[in-house]
Amino acid sequence: MAKTVLVIDDEDNIRECVTQALIMEGFAVLQAADGNEGVRLARKKKPDLILLDVQMDPIDGFQTLIILRKQTESANIPVLMLTGLSAVKDINQATELGANGYIIKPFDVDRLLLKIRNALNAAP
């Protein structure tokens with residue numbers, strides 16, 4: 001059975017690019033255009049991994065991650081942050097909040113897929 005990845009990003013083109021790459025690699029993909037929708041999908045569908053953008057409205061990726069980690073249904077799902085924020089403070093904040101990795105946009109698709117596979121292999 002294919003592993004499922006939830007892509008939470010408010011940029012349509014990023015969501016579509018990542019989705020196509022994941023589908024070509026045999027993953028099932030769920031999409032959410034904001035953090036609230038992402039939290040609902042994570043709770044309902046329980047994906048194997050979440051790719052989460054930081055800069056979104058009405059709640060940003062950090063706030064979304066806090067909610068995901070507090071909910072029983074999503075607390076243990078690996079989360080990779082996928083964002084244009086490259087400051088050390090942002091990376092540290094993501095790590096402190098429980099992110100399993102941090103990928104800076106623009107990203108290399110092969111590197112993204114490698115990080116996804118590594119995170120899935122490390123998941124309990």
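Only this structure's heavy atoms are used, side chains among them; waters, hydrogens and symmetry mates stay out.
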Worksheet item: Between Arg43 and Glu73, is there a donor-acceptor pair closer than 3.5 Å when you use the side chain of the first and the backbone of the second?
Response: no
Item to complete: Say whether, by atom type as modelled, one donor and one acceptor occur between the side chain of Gln93 and the main chain of Lys89 under 3.5 angstrom.
Response: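 Side chain of Gln93 to backbone of Lys89, a donor-acceptor pair under 3.5 Å: no, none is there.
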Report the distance from atom [atom1] of [X] to atom [atom2] of [Y], rounding to the nearest 0.5 Å.
X      : Y      : atom1 : atom2 : result
Ile67  : Ser74  : CD1   : OG    : 9.5 Å
Leu82  : Ile50  : CG    : CD1   : 13.0 Å
Asn76  : Lys46  : CG    : NZ    : 12.5 Å
Asn100 : Asn118 : CG    : CG    : 11.5 Å

Worksheet item: Just one of Leu49, Ile116, Leu112 clears the side chain to side chain contact (heavy atoms under 4.5 Å, CB included) bar with Leu22, so which one?
Response: Ile116
4.5 Å side-chain heavy-atom contact, [X] and [Y]:
X      : Y      : answer
Thr64  : Val39  : yes
Glu25  : Arg117 : yes
Thr95  : Tyr102 : no
Lys115 : Leu80  : yes

[X] versus [Y], closest heavy-atom pair with distance:
X     : Y      : answer
Ile59 : Gln63  : CA-OE1, 3.3 Å
Ala94 : Met81  : CB-CG, 3.8 Å
Ala21 : Val109 : CB-CG1, 3.6 Å
Leu85 : Ile104 : O-CG1, 4.1 Å
Leu68 : Leu52  : CD1-CD2, 4.4 Å
Arg15 : Ala32  : CD-O, 3.3 Å

Do [X] and [Y] sit in one hydrophobic cluster, given that two such residues count as connected whenever their side-chain heavy atoms are within less than 4.5 Å of each other, even indirectly?
X     : Y     : value
Leu6  : Phe62 : yes
Ile14 : Leu30 : no
Leu51 : Phe27 : yes
Ile66 : Leu41 : yes
Ile77 : Val18 : no

Worksheet entry | Exceeds 12 heavy-atom contacts within 6.0 angstrom, atom NZ of Lys45 | no
Worksheet entry | Distance-only donor-acceptor check, side chains Gln31 and Glu16, under 3.5 Å |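 Result is yes, a qualifying pair exists.
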Discussion item. For Lys105 and Asp53: C-alpha separation, side-chain torsions, deciding distance, then whether salt bridge (charged side-chain N to carboxylate O under 4.0 Å, His left out) applies.
Written reply: CA-CA 10 Å; Lys105 296 177 188 174; Asp53 183 27; 3.3 Å; yes
Worksheet item: Could you go step by step and tell me if Asp10 and Asp34 meet the side-chain contact (heavy atoms from CB on, under 4.5 Å) rule?
Response: CA-CA 6 Å; Asp10 61 345; Asp34 63 53; 5.7 Å; no
